[in-house]
Amino acid sequence: MKKDLLSIKDLNQEDIEYIFALAEGFKSGVGGFEKPLSGKSIGLIFQKPSNRTRVSFEVGIFQLGGNSIYLGFDDIKLGARESIKDIARVHSRYLNGIIARTFSHKDTALLAKYSDTPIINGLSDLFHPCQALSDIFTLKEKFGKLSSVTLSYVGDGNNVLHSLMYASALVGMDLKFSTPEEYGPREEIVEDVKKIAEATKSHIACYKTPEEAVKNADAVYADVWVSMGQEEEHKKRVDDFQGYQVNDELLSKAKKGAVLMHCLPAHRGEEVTASVLDGPASIVIDQAENRLHVQKAILVIYIGGKRKR
Ligand code: CP
Ligand code: NVA
C-alpha cells in the first residue's frame with residue numbers, strides 16, 4: 001500500500017477487503033489489537049468544519065491508544081502563515097500521521113509530497129475516500145455481495161460522487177448517477193473509473209434523469225447541492241438543482257425496499273426531504289457510525305503498522 005490515502009484510487013480490491021475485514025473486527029468487538037497507536041500522535045489539519053470526520057477520527061485514535069491534535073483553520077493557517085512544504089516537514093518530526101481536510105486537493109497532495117508521515121484525506125474538493133469506504137462497507141453489511149448491488153447517486157458531481165465512483169468500480173458494484181448537465185463529475189475521473197470498472201465488471205453510468213438513475217437501485221444516495229467552500233453559489237445552485245431532490249416519489253421508483261443514503265450534514269427540503277431522511281428507508285446514521293470502524297482500520301493500517309503488503 002502507498003504511504004498515504006489521498007484517494008480510493010490509491011487502493012486495490014484486496015486493500016479494500018482488508019480494510020473491511022479489520023473494520024468488521026472493530027465493529028463486532030473482536031478487533032484483537034492492543035492499543036496499536038500507543039505513543040503515537042496524529043494531527044488533524046482541518047481547513048473546513050467537520051462533525052463526523054473529526055469526532056470519529058478523534059474517538060478512533062483515542063480507542064486505539066493514540067493522541068490526536070486538532071489543528072483548525074485559524075491554528076496553523078495552512079499555506080498562509082507558512083508554506084505547506086514547511087508545515088509538512090516540521091510535522092514529520094513530531095507526528096506519526098496526519099488527517100487533512102483542505103479546500104484544494106492540491107494542498108493535500110502537497111502535504112503528502114513533503115511529509116514523511118502518512119497523510120489521510122479527510123475530504124478535499126475532489127475526494128472523500130473515508131466516507132466512500134464507510135458507505136460501501138455499510139452496503140456490504142446491508143446486502144452482502146456487493147457485485148449484485150446497484151447504487152444510485154442523484155445530485156452534484158462532487159467529491160463524494162468521485163470517491164463513490166472509484167470505490168464502486170474497485171469492488172465490482174454498479175453505480176448509476178444523474179446530475180444537472182453543468183454539475184457532472186470530472187470527465188478525467190469518469191474516464192479513469194471506467195477503466196477500473198472494465199476489469200471488475202462494474203457498470204458505472206450517467207443517466208439524463210434522476211428517475212432513470214434510480215430505476216432498479218438497491219440504494220439511493222443524496223449529498224448537499226452546496227459543498228463547503230461554495231456558499232456564495234447557494235442561490236444559483238438551489239435553482240439549478242431543482243428536480244434532483246431525493247423525495248418519496250423518487251425513492252418509490254427504486255427497487256422495493258431500497259435504502260436511502262446521505263453522508264450528512266443534510267439540508268432537509270433541498271437535496272432530500274425530511275420524510276425520506278427520517279423515514280424507514282434511511283440508513284444515514286449507520287453510515288455515520290461506520291466511519292468510526294472503517295477509519296480505525298485505516299488508522300491501524302496506515303499509522304499503526306498493520307500493513308498487509
Ligand atoms: N460526512 C462528513 O464528512 O461529515 P463532516 O463534514 O461532519 O465531517
Ligand atoms: N460534498 C460535501 C460533503 C460533506 C461531508 C462537501 O464537500 O461539503
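Note that the structure is a prediction, hence the values are computed from the model and not measured. These values consider heavy atoms only, across backbone and side chains, with no hydrogens, waters or symmetry-generated copies. Start at 1 and go down the list; that is how both ligands and their atoms are numbered.
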What residue and heavy atom of the protein are closest to atom 7 (O) of ligand 1, and at what distance? Asn51 N, 2.6 Å

Using a 4.0 Å cut-off to any heavy atom of Leu264, which atoms of ligand 2 qualify? 5 (C)

Per the salt bridge (Lys or Arg N to Asp or Glu O under 4.0 Å) rule, which among Arg237, Lys236, Lys235 passes with Asp239? Lys235

Would you say Cys263 has any N or O atom under 3.5 Å from an N or O of ligand 1, going by distance alone? yes

Of all the non-hydrogen atoms in the protein, which one sits nearest to atom 4 (O) of ligand 1, and at what distance? Arg52 NE, 2.8 Å

Given His262, Gln131, Arg101, Met228, identify the one with the heavy atom nearest to atom 6 (O) of ligand 1. Arg101

Given 3.5 Å as the limit, does a donor-acceptor pair link the side chain of Lys176 with the main chain of Lys215, or not? yes

Tell me if a side-chain donor or acceptor on Ser282 pairs with a main-chain N or O of Gly279 at a distance below 3.5 Å. no

Quick check on contacts: which atoms of ligand 1 are under 4.0 angstrom from a heavy atom of His128? 2 (C), 3 (O)

Check for me whether Leu264 has a heavy atom closer than 4.0 Å to any atom of ligand 1. yes

Answer yes or no: is there a donor N or O on one side and an acceptor on the other, between the side chain of Ser68 and the main chain of Ile42, under 3.5 Å? no

In Tyr207, Phe177, Tyr244, Tyr221, the residue satisfying ring pair (Phe, Tyr, Trp, His ring centres under 6.0 Å) with Tyr153 is Tyr221

Within-shell test, Arg291 vs ligand 1, heavy atom, strictly < 4.0 Å: yes

Please check this pair: side chain of Lys77 against backbone of Glu82, looking for a donor-acceptor N/O pair closer than 3.5 Å. no

